[in-house]
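Have a look at the structure below, then the notes.
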Amino acid sequence: MTAVRLPQGLPRRVPVRQLLCLLPLVLVLVVAAEHRSVLAEGFGHLRSAEWPWLVAAAGATCLTWVAAAVTRQGAVVQRLPLRRLLATQFAAGAANHLLPTGLGASAVNLRFMTVCGVPLARSSAALALYMLAEAITRVALLLVLLITFPDALHVGSLVPAAAAGPLLLAVAGAVCIAVAVVLAVRRLRTAVISFVRTALGEARSVHTRPARALALWGGSLAFPALQAAGLAAVGRALSLPVPPVHMAVAYLAATLAVAAVPTPGGIGSVEAALIVALVAAGGPVAVATAVVLAYRIITVWLPLLPGALTLGALVRLKVI
């Protein structure tokens, strides 16, 4: 038998997985370079803050990943591996700040559930159930706080009366157009009906198990509550003259207002909305700006690099 010599110069296989491992780190460096002035100003405010309150804000931020993991488990009947689920939520937080409108976290969690053996249709239904539960509890928490503390926020300064009508008309028009498109396109209509059936079946299965239902709704409620608590802690650290509950209301109102803005992790839009909301709650503009910058440093920028490294490691280990 004679040896066959392969011709020289053949292209080598591209190490796709290795490149994917490095991609989150590259994106972090790019985003950090674009926002370097904001980072420098935010770190400057952190130096003059009361550190016990900053530690409390960091602790609340860490607990949000636990709440997200609990909610993700509650949205699916199949038991997910606990440690990998928690690591995935940490990594998904980084991915969420690198891609617009929550696409990063959704893609990471969808891939994780698929790798864990959950069929794609059920994984998508679980993802939709998670998003629905989180939106319902966030709105419900805001309404309860507004009813309990009606003077917490001057809504008129956030949404002028003249803009309320056109805004509602725009939302209603977008919904009508979406429904018309679904009804007009047969393939799309079939796909939507199939997905809705799968989602309703998954929701019924989850709610027949009390432990899953408690995890779904309890985690969904804890997630925005912990985020709001983190902002209130930073406000206390920088002596913002606004009651903590009012800061929580401002946070919930601001995040709901910018939920549809397609920016990576809400970078830029969330800061602006939070400053306006804190001012509407009675805070001075300068202090409110300092609080928001410091809060975003703790919740976004500090976890971003380790989160990106975790994401790369999970890709390399084929967890996602």
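Throughout, residue positions are numbered sequentially from 1 according to the sequence presented.
Atom-to-atom distance recorded for Leu309:CG and Leu305:CG is 4.5 Å, nearest 0.5 angstrom. Atoms CD and CZ, on Gln89 and Arg84 in that order, are 13.5 Å from each other to the nearest 0.5 Å. Remark: Leu142 CG to Ile147 CD1 distance equals 9.5 Å, nearest 0.5 Å. Rounded to the nearest 0.5 Å, atoms CG (Leu238) and CG (Leu54) are 6.5 Å apart. To the nearest 0.5 Å, atoms CZ (Arg122) and CE (Met113) are separated by 10.0 Å. Note that the CZ atom of Arg236 and the CE atom of Met247 stand 7.0 Å from one another [nearest 0.5 Å].
Using a 4.5 Å cut-off on side-chain heavy atoms (C-beta onward), Asn109 and Thr88 make contact. Residues Trp65 and Pro303 meet the side-chain proximity criterion, which asks for heavy atoms closer than 4.5 Å. The shortest distance between side-chain heavy atoms of Pro284 and Leu240 falls below 4.5 Å. Residues Leu110 and Leu120 are in side-chain contact: their nearest non-hydrogen atoms beyond the backbone lie under 4.5 Å apart. Side-chain atoms of Phe112 and Leu80, non-hydrogen and from C-beta on, do get closer than 4.5 Å to each other. Residues Ser123 and Arg111 form no side-chain contact, since every pair of their non-hydrogen atoms from C-beta on lies 4.5 Å or further apart. For the pair Ile320 and Leu311, the minimum side-chain heavy-atom distance is below 4.5 Å.
Clustering ILVMFWY residues whenever any of their side-chain heavy atoms sit less than 4.5 angstrom apart, transitively, puts Leu145 in the very cluster that holds Val242. With hydrophobic clusters built from ILVMFWY side chains whose heavy atoms lie under 4.5 angstrom apart, Leu129 shares a cluster with Ile136. Linking ILVMFWY side-chain heavy atoms closer than 4.5 Å, directly or via other members, places Val139 and Leu141 in a single hydrophobic cluster. In this structure, Leu82 is not a member of the same hydrophobic cluster as Leu63, with clusters built from ILVMFWY side-chain heavy atoms closer than 4.5 Å. Leu317 and Phe90 are assigned to two separate hydrophobic clusters, defined by single-linkage of ILVMFWY side chains at heavy-atom distances under 4.5 Å.
Here the shortest heavy-atom pairing between Ala254 and Ala277 reads CB-CB, 4.0 Å. Here the shortest heavy-atom pairing between Ala69 and Leu85 reads O-CD2, 3.3 Å.
Taking the ring-ring contact (aromatic ring centres under 6.0 Å, His included) definition, one finds that Trp53 meets it with nothing, sequence neighbours left out.
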Give every donor-acceptor pair under 3.5 Å between a side-chain atom in residues 212-234 and any protein atom, sequence neighbours left out.
unit_1 : atom_1 : unit_2 : atom_2 : d
Arg212 : NE     : Val76  : O      : 3.1
Arg212 : NE     : Val77  : O      : 3.3
Arg212 : NH2    : Val77  : O      : 3.1
Trp217 : NE1    : His207 : NE2    : 2.9
Ser220 : OG     : Leu216 : O      : 2.6
Gln227 : OE1    : Arg138 : NH2    : 2.9
Gln227 : OE1    : Tyr251 : OH     : 3.0

Checklist entry - For Arg79 and Cys116, what are the C-alpha separation, side-chain angles and deciding distance, and is it a side chain to side chain contact (heavy atoms under 4.5 Å, CB included)? => result CA-CA 9 Å; Arg79 186 172 182 82; Cys116 289; over 6 Å; no
